[in-house]
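Computed from a prediction, not measured in an experiment: that's the story for all the values here. Labels below follow one simple rule: chain letters A, B, ... track the order of the sequence lines, proteins then strands, and each chain is numbered from 1.
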Amino acid sequence: MTTNPHTGFIAFVSDCARWALSGGTGFKIYLAALFSLMGAGAFAYSQQFQTGLIATGMSNIVSWGLYISNFTFFVGVAAAAVMLILPAYILKDKDLHKVVIIGEGVAVGALIMCLMFITADMGGPLKVWHMIPGIGLFNWPSSILTWDMIVLNGYLALNAIVPLYILYCNYHNRPPVDWKYRPFVFLSIFWAVSIHMVTAFLYEGLPARPFWNNPLLGPRFLASAFAAGPAVIMLVLIAIKQNTDHVVDTKIFSKLQRIIVVSAVINLVMLFSEVFKEFYAFTHHSLSAQYLFFGLDGHSSLVPWIWTAISLNILGTLLFAFAPSKWSPRYLMVAAISLFSGIWIEKGFGLIIPGFVPSPMGEVVDYVPSSVEILITLGVLATGAFVVTMLIRPALAIDKQYKKYQETVG
Amino acid sequence: MTVREKKEGPMKTEDILDTKSTRRDFMKSLSITAAAGSAGLVTGGCVGKGSTEEMGLKWEEYFKKNYRLMTQQEKDDTVTRLERLAKIQHDLDIQVSDQEPREQVLFGYAFNISRCKGYMDCVEACVQENNLDRNSKTQYIRIFELNPGQLDPTSGDGKYHHEVPVEDKFYMGVQCFHCENAPCIKACPTKATWREPDGIVVVDYDWCIGCRYCMAACPYWGRRFNWGQPEVPKEEINLKQHYLGNRLRMKGVMEKCTFCIQRTRQGKLPACADACPTGSRVFGNLLDPNSEIRFVLKNKKVFRFKEELGTDPKFWYFMD
């Protein structure tokens, strides 16, 4: 693959597809596992489509559940690509520049999951066109949900088109033209912050829900995202390092580790501040927090989850903060997985469900996701993993080929 | 050709996965996934003779506009289609009104907490009048039983099931408060819910995409979602309907109290006020200086629920 006889868009697409799909037995098993999860998810969705959202565990009191929880978390993962883009392009960090494309691939996968979760949560998915400006009615700027649609789709476009352009140029053995893509890179930096702030505003802007109606929510979303997102990217990099001949510089891991530690510590400080506010002077508005952390009126389904989340959160932060200078990939993996899952629980259903409990009329119910809901969620997660895999494999192949070309040319 | 049979309680999800595992159903499910978005699905598929007309009607219904953007002609057309569809599908002779708000009318409601005895006749009347789903036991009105010393329904019991009145208890009814500054309207991404000129906050059921953001935004728990297909026994269906009111809803859409728009725009009282045996419910035109509601607001000490949120509800509580 040192020389590339093909040119043009069709050759680019077919080569990318080949690089994306060809692989050894291990890779085939991995793909088969993803496909079966995706199939199970599609089947579960067909059930939900027929019977309605009654197939889920949601109710008039807890009216958002697993879907919106995961949506919220993965918006953060998508936004975290900025933690690679910013140092790479603004601080001119050469090491992180090498893995920017991985971050962007993860962002695209995360955004596709977000859009799928939103669709799965909708009562009338066939009526989505009602939201499209022009043919439908778009309640902008009043509804924050319309803002969220704009920023999510815009960010998806930015994170898909910029890497596509760069890879397309590299595929044809030429460097990308700076002025053609750099403006979009800088735009995507602001955009990344905005996707997560706007998603926080969805909740923050509701005085009806005191648990969410809290100015710290947006900043806290960013801090947790900039810890969990790079942790996901780190897991992907470890997978690449272990399973391919692609070289991932250890310096990259150290830099990611530093980003994670700073963000995770800020996140914990803000968590502590929230807990202090809720419990030092307990008010009527602290009932949701009590439900989450200690249980309320005999309902305590979230209590084990939130304490697990906080333990994992602290464990992950400590593991990253006090990592030995000669860490093994396995060490980083444990650290990344614990931090990632801690934030996933805490910011997913640990944030969404207590917003609804107690209800505005003071009623307390527990929410338990149904098997249909869980299967659909797993299907979406598998789709996300599939998308990330399909994007990163050709990207790495093109990168490798382009490097070889540069070496031969001089 | 009857309204769906009543199920025995809501189906559990495990049941759905287990009981429908025959090959035919499996294929049906798969094809539905595959066909999502296609015209066949939109129109509900082709079933036997006489369905061509039904398919055509459903097709036109699918592509109709938001109610507020319709011309009078388009409103009349969709009403005709809905009436015809009810005839074809369920052999029902419904009359759907698209009556406009009347000039110089702004509806308001007042609730006398010293008179209400918690009989819940209002709840029953509301369920009957508004064709509320019997499967999920949907209620627009909730009555909370409170102990003296409280004036906040959130501390009361909204599920009491015993003989009333009870010594030393009092009762507070809540429903949609038709706020002037309604958070639900602000939240809706598709403008499927809005405040009519006579103050009624309505939902265009056909335009609602079922995202439930309005539900999260409402500080009064005033909205109800159709998690499954709502069901009303055929003989109990109220045939006098309004496009923005009690017409039969479908799964996946939001609904709420409309101050019985189908009645009140004709000058009648809402079903709840009509049914109340104690005279606790006062409904009327806030712009009419001689109305009872204006008398209450002027002469009684009134208060509103969660006033600090600035939603400006048009629903007041008062005491004798």
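- Listed in order of number, the residues of residues 138-146 of chain B that approach chain A to under 4.5 Å between heavy atoms are B/Arg142, B/Phe144.
- Between B/Lys251 and A/Phe49 the shortest heavy-atom distance is CE-O, 3.4 Å.
- No other option in A/Asn139, A/Leu53, A/Thr146, A/Leu206 has as many heavy-atom pairs under 4.5 Å with chain B as A/Asn139.
- Side-chain atoms of B/Tyr62 come within 3.5 Å of backbone N or O of A/Leu126 as a donor-acceptor pair.
- In the displayed structure, B/Lys186 atom NZ is contacted under 6.0 Å by at most 12 heavy atoms of other residues, nucleotides or ligands.
- Contacts between B/Leu69 and chain A at a heavy-atom distance below 4.5 Å involve the side chain alone, from C-beta outward.
- Note on A/Met58, A/His284, A/Met131: by heavy-atom pairs under 4.5 Å with chain B, the leading option is A/Met58.
- For the residue pair B/Trp227/A/Asn60, the side-chain donor-acceptor check at 3.5 Å is satisfied.
- When the heavy atoms of residues 204-212 of chain B are compared with those of chain A, the residues falling under 4.5 Å are B/Tyr205, B/Asp206, B/Trp207, B/Cys208, B/Ile209, B/Gly210, B/Cys211, B/Arg212, listed by number.
- Side-chain N or O atoms of B/Thr190 include none that pairs as donor or acceptor with a backbone N or O of A/His130 at under 3.5 Å.
- Heavy-atom pairs under 4.5 Å with chain B were tallied for A/Glu373, A/Met361, A/Lys127; the largest tally goes to A/Met361.
- The parts of B/Ala216 that come within reach of chain A are both its backbone and its side chain, each placing non-hydrogen atoms under 4.5 angstrom from that chain.
- Among the candidates A/Trp212, A/Trp64, A/Phe356, the residue making the largest number of heavy-atom pairs closer than 4.5 Å to chain B is A/Trp64.
- A/Glu363 touches chain B through its side chain: at least one heavy atom from C-beta onward sits under 4.5 Å away, while N, CA, C and O do not.
- Residues B/Lys306 and A/Pro360 form a side-chain contact, since some pair of their non-hydrogen atoms from C-beta on lies under 4.5 Å apart.
- Heavy atoms of A/Leu202 lying under 4.5 Å from chain B belong to its backbone as well as its side chain.
- Top candidate by heavy-atom pairs under 4.5 Å with chain A, chosen from B/Tyr213, B/Phe305, B/Phe225, is B/Tyr213.
- A heavy-atom distance below 4.5 Å is not found between the side chains of A/Met149 and B/Pro189.
- Looking at B/Pro153, the atoms closer than 4.5 Å to chain A (heavy atoms on both sides) sit in the backbone and in the side chain alike.
- With a 4.5 angstrom heavy-atom cutoff, B/Lys65 does not touch chain A via any of its atoms.
- Both the backbone and the side chain of A/Ile61 come within contact range of chain B, judged by heavy atoms closer than 4.5 Å.
- Shortest non-hydrogen contact noted between A/Ala208 and B/Ala217 is CB-O, 3.2 Å.
- When heavy atoms are compared at a cutoff of 4.5 Å, A/Trp147 does not approach chain B at all.
- The two atoms that bring A/Ser143 and B/Cys188 nearest to each other are CB-O, 3.5 Å, heavy atoms only.
- Between the CE atom in B/Met254 and the OG atom in A/Ser63 there is a gap of 7.0 Å [rounded to 0.5 Å].
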